[in-house]
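Here's the structure we're looking at; comments come further down.
Numbering of ligands and ligand atoms starts at 1, following listing order. From a predicted model like this one, the values you see are computed outputs, not experimental measurements. We count residues from 1, following the sequence as given. Worth knowing before you read on, the calculation uses all heavy atoms, side chains too, and leaves out hydrogens, waters and symmetry mates.
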Amino acid sequence: MNQDIRKKFPFYIKNKDVSYLDSAASSLKLKSVIESLNDYYANNGSNIHRGVYRLAYEATNQFEETREYVSKFINSNLNEVVFTKGTTDSLNKIASSYSDFIFEDDEIITTELEHHSSFIPWQVIAKEKKARLKFLPLTEEGKITVENFKKVISNKTKVVAITYVSNVLGYVTPIKEIIEIAHQNGAIVILDAAQAASHLKIDVKELDVDFLAFSSHKMYGPNGVGILFGKEKLLNQLKPFEYGGEMAHLVFKDESSWKDIPYKFEAGTPVIAEVIAFKESIKFLEEISLDKIHEHEMKLRDYTLNKLKDVKGLTVYNKTAETGIITFNIENVHPHDAASILDQNNVCVRAGHHCAQLVAKFLGVTATLRASFAVYNDYKDCDNLVNAIIATRDFFESF
Ligand code: PMP
């Protein structure tokens, strides 16, 4: 990977010795993103879709331009891109709105690999509607397979709520086949792409996915911006998520009507600067290409795993992951304690259940450590991680 990449991330000006390996939680932010945010806040500040003066038009155009970038990025129609606050917001909104079509005895399929935001909304809806929540059995390693999906899908299945890439184990779901089978059985698929969007190319038309969610902050972009993709036909069938400014068409005392999609789903003032700046992330990802980014992250992962295989007292839970995530534990050391010592060695990793408690239960642990690679990481980060793990193990062993 080009050495100049780090220059695009101002983080490294003050933190050049930090090995930031927590990009699966949130990535570092691009200089171009920060400059774009600054530009809007310093030089504009107006609302969008409302004012009829030049600055308001400019803000609206820049905001809508991001929608074009996103729709090209995932190969959707323009009106199929809805801006939300994040993946959690997208998944909750779609679950709550689509629950209108769920009735008693319907089946909802999910997996133990889900992030809480993909699974809990459907757990709650299943209870409310007396529908059945079914879990796709994972393989011994914790993977989702088409074969096991076939065991749980039936013509009673209405929704498949599933992750594209597990945020704990980094496994990639064979989603194209799963979508095909779901459709053959009359079910729709809601895909959590939070951990996929900055690593794997997503083509919603090729996948034929019904709904898809991801977050800008994991893609070198600003916080507070989420994407909800939905097929035009399905979005048109859904009621608005919220009522208020700029989503209504005609308003009378006794009833109101809604704007066309996607605007009927975007009530209120959005995070304007953040949406405008998000297009800088997409430009960056496309300039380098997701294939190259993924290849780079896998090289770093393989290099690290190769070094870790000789380290005693370490359990790696996802040796065969297809994305740049290493999830592990150090024997007899609580992950939070380990993460603190790693931090003293300038290595940032995540510790905990990663908002996916069912995965921890599946692994038979309460928590794990997770190192996740991104475009700006290099072999020095890998060495720092390995050395810090050894130092942590030795530190606790000395007691
Ligand atoms: N799904 C997955 C797989 C994730 O990794 C995350 C973020 N950890 C989310 C959903 C939720 O994303 P956000 O916090 O941006 O709403």
Side-chain angles (χ1 to χ4, degrees), residues 20-29 33 70 82-96 110-124 136 138 142-144 160-173 175 178 189-200 202 209 211-229 241 270-271 274-275 277-278 281 294 297 317-318 321-327 335 339 348-360 362-363 367-374:
Y20 186 78
L21 295 171
D22 195 19
S23 301
S26 216
S27 66
L28 304 179
K29 313 305 175 205
V33 165
V70 173
V82 178
F83 290 116
T84 65
K85 292 191 287 230
T87 306
T88 304
D89 193 34
S90 296
L91 293 174
N92 272 276
K93 280 177 167 161
I94 213 63
S96 138
T110 190
T111 83
E112 287 154 271
L113 278 193
E114 301 311 306
H115 186 275
H116 294 164
S117 58
S118 169
F119 147 70
I120 298 179
W122 290 106
Q123 183 184 49
V124 172
L136 186 161
L138 302 177
K143 290 192 175 179
I144 294 169
V160 180
I162 196 163
T163 191
Y164 198 166
V165 175
S166 157
N167 66 317
V168 183
L169 296 172
Y171 298 148
V172 179
T173 304
I175 197 63
I178 285 179
V189 175
I190 302 171
L191 189 58
D192 173 357
Q195 293 295 339
S198 61
H199 310 282
L200 305 175
I202 296 172
V209 67
F211 295 103
L212 176 105
F214 55 95
S215 301
S216 145
H217 71 93
K218 294 183 198 282
M219 304 168 71
Y220 316 116
N223 294 343
V225 181
I227 301 298
L228 170 65
F229 156 82
F241 306 141
V271 281
E274 288 72 7
V275 169
F278 179 42
S281 297
H294 183 228
E297 292 162 351
Y317 296 101
N318 62 340
E322 304 91 348
T323 56
I325 287 181
I326 300 179
T327 294
C348 307
V349 298
R350 171 93 188 257
H353 52 61
H354 318 292
C355 305
Q357 290 185 26
L358 297 185
V359 185
F362 176 85
L363 296 174
T368 54
L369 291 154
R370 180 188 68 187
S372 49
F373 298 106

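Side-chain contact of S23 with S372: a donor-acceptor pair under 3.5 Å is absent, judged by distance alone.
Under the rule for a ring pair (Phe, Tyr, Trp, His ring centres under 6.0 Å), the partners of F119 that lie at least two apart in sequence or sit in another chain are F135. Under the ring pair (Phe, Tyr, Trp, His ring centres under 6.0 Å) criterion, H115 pairs with no residue at all, not counting sequence neighbours. The ring pair (Phe, Tyr, Trp, His ring centres under 6.0 Å) check on Y164 picks up nothing, with sequence neighbours excluded.
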I'd like the atom pairs linking ligand 1 to the protein - N or O on both sides, separation under 3.5 Å - with distances to 0.1 Å.
residue	atom	partner	partner atom	Å
ligand 1	1 (N)	D192	OD1	3.2
ligand 1	1 (N)	D192	OD2	2.5
ligand 1	5 (O)	Q195	NE2	2.6
ligand 1	8 (N)	H115	NE2	3.4
ligand 1	8 (N)	K218	NZ	2.8
ligand 1	15 (O)	S215	OG	2.6
ligand 1	15 (O)	H217	NE2	2.7
ligand 1	16 (O)	T87	N	3.4
ligand 1	16 (O)	T88	N	2.8
ligand 1	16 (O)	T88	OG1	2.5

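By the 4.5 Å heavy-atom criterion applied to side chains, I175 and V209 are not counted as neighbours.
For the pair M219 and F278, the tightest heavy-atom approach, listed with the atom from each and the gap, is SD-CZ, 3.8 Å.
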